[in-house]
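All of these numbers come straight from a predicted model, not from anything done at the bench. We count residues from 1, following the sequence as given.
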Amino acid sequence: MGMSDAARGSEPVLSIAVQKSGRLSEKSLELIKSCGIDFYADSRVLKASASGFPLDFLFVRDDDIPQYVADGVADAGIVGRNEYDESGIELEVVRDLKFASCRLSIAVPHGFDYKDLHSLEGKRIATSYPRILGRILKENGVNAETVVVSGSVEITVEVGIADAIADLVSTGTTLKMNGLEEAECIYRSSAVMIARPDMKEEKKAVLTRLLERIDAVMLARHKKYILFNLPEDKLDDAARVIGGMKSPTVTPLMDEGWLSVQSAVDENRFWAVFEELRLLGAEGILVMNIEKMTE
Ligand code: PRT
Ligand code: ZN
């Protein structure tokens, strides 16, 4: 195990900006908590400090996070990739955290004959993401007028200030409720960790420690740990079914001709693996959640 915290005495504190309240806040804090980092977060305060890990929190509006990181008010931040890209600020995206996934899509009213981006030629498109939209239109050689609104993008067609919109979509319910059809996804987003590229080495080391913990938590999230008894002669088949980078752990059982086998399995393949193992004669299958793991 590593040094005690006292031994790290000179370690600098990494400050991280997270959304104060909104779609990212809870999951951002949950992720850090699951890294074994304790803190007391009160949504009314601007700052908080972790215990047992050199980390400070800054609770702010998500739009402000890239700027705060760029200014050095915070060293790193958790923000939607869309907000980061839209800010036009150049920082380092150090991790895709894979939560709060959404897409930026073109949506049109019923009856709009949409084929591809060129269908938007000469049209007015309302969006809160003019920079991202502008880049995509330019890449595709489409000339359209961008109408910038900061909220309620979905009502702009109805009220007559736009012909189409480019807005974030997750379930698609908002579009439907406003009589719009999702025509094309032009950009994908999820929460990312951004950081200043010019951080001091000592601080970078703290960030690296945090990222290692985050990776371990994220990796474990999509895995199950499976343990079962198997007739000895089926071991090769079972190993093939389980797949993965590492061979399974095998322990002989007291019963002649039987083995106990254990391995991590990808969650999305879990039921297929389960059924094939049953067919091979596996018994006493035990499945567990994995809290943390490394490759
Ligand atoms: O107050 P603050 O400025 O901090 O928050 P905010 O209101 O600007 O942001 P918030 O909390 O709404 O979203 C933060 C981030 O969550 C966004 O920047 C995205 O990266 C991500 N995210 C994920 C989403 C959605 N999903 C999402 N569905 N952000 C917004 N939406 C909105 C969308 O704009 C539309 O109005 O939800 C509606 C569509 O949802 P569906 O499910 O009906 O399709
Ligand atoms: Zn915002």
Exercise for review: Give a yes or no answer on whether the side chain of Thr127 reaches the backbone of Tyr129 with a donor-acceptor pair at less than 3.5 Å.
Suggested key: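 Present.
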Exercise for review: For Gln19 and Asp62, indicate whether the former's side chain and the latter's backbone hold a donor-acceptor pair under 3.5 Å.
Suggested key: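 Between the backbone of Asp62 and the side chain of Gln19 there is no qualifying donor-acceptor contact (under 3.5 Å).
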Salt bridge present between [X] and [Y] (N-O < 4.0 angstrom):
X: Asp96; Y: Lys98; value: no
X: Arg209; Y: Glu11; value: yes
X: Lys33; Y: Asp38; value: no

Is it the case that one hydrophobic cluster holds both [X] and [Y], taking links as side-chain heavy atoms less than 4.5 Å apart, direct or via other members?
X: Met199; Y: Val69; value: no
X: Val18; Y: Phe53; value: yes
X: Leu14; Y: Ile32; value: yes

Above 12 or not: heavy atoms from other molecules or residues under 6.0 Å from [atom1] of [X]?
X: Arg278; atom1: CZ; result: no
X: Glu90; atom1: CD; result: no
X: Phe112; atom1: CZ; result: yes

Review point. By ring pair (Phe, Tyr, Trp, His ring centres under 6.0 Å), which residues pair with Phe274, not counting sequence neighbours?
Key: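 Expected list: Phe270, Trp271.
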Side chains of [X] and [Y]: does their closest heavy-atom pair fall under 4.5 Å?
X: Leu29; Y: Phe59; answer: yes
X: Ile226; Y: Leu277; answer: yes
X: Leu24; Y: Phe99; answer: yes

**Study point:** Which residues share a salt bridge (Lys or Arg N to Asp or Glu O under 4.0 Å) with Glu267, sequence neighbours left out
**Key:**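 Listed in chain order: Lys224.
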Review point. Which residues pass the salt bridge (Lys or Arg N to Asp or Glu O under 4.0 Å) test with Arg23, sequence neighbours left out?
Key: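 Applying salt bridge (Lys or Arg N to Asp or Glu O under 4.0 Å) to Arg23 gives none.
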**Study point:** Working for side chain to side chain donor-acceptor pair (under 3.5 Å), residues Glu154 and Thr174
**Key:** CA-CA 8 Å; Glu154 63 280 357; Thr174 306; over 6 Å; no
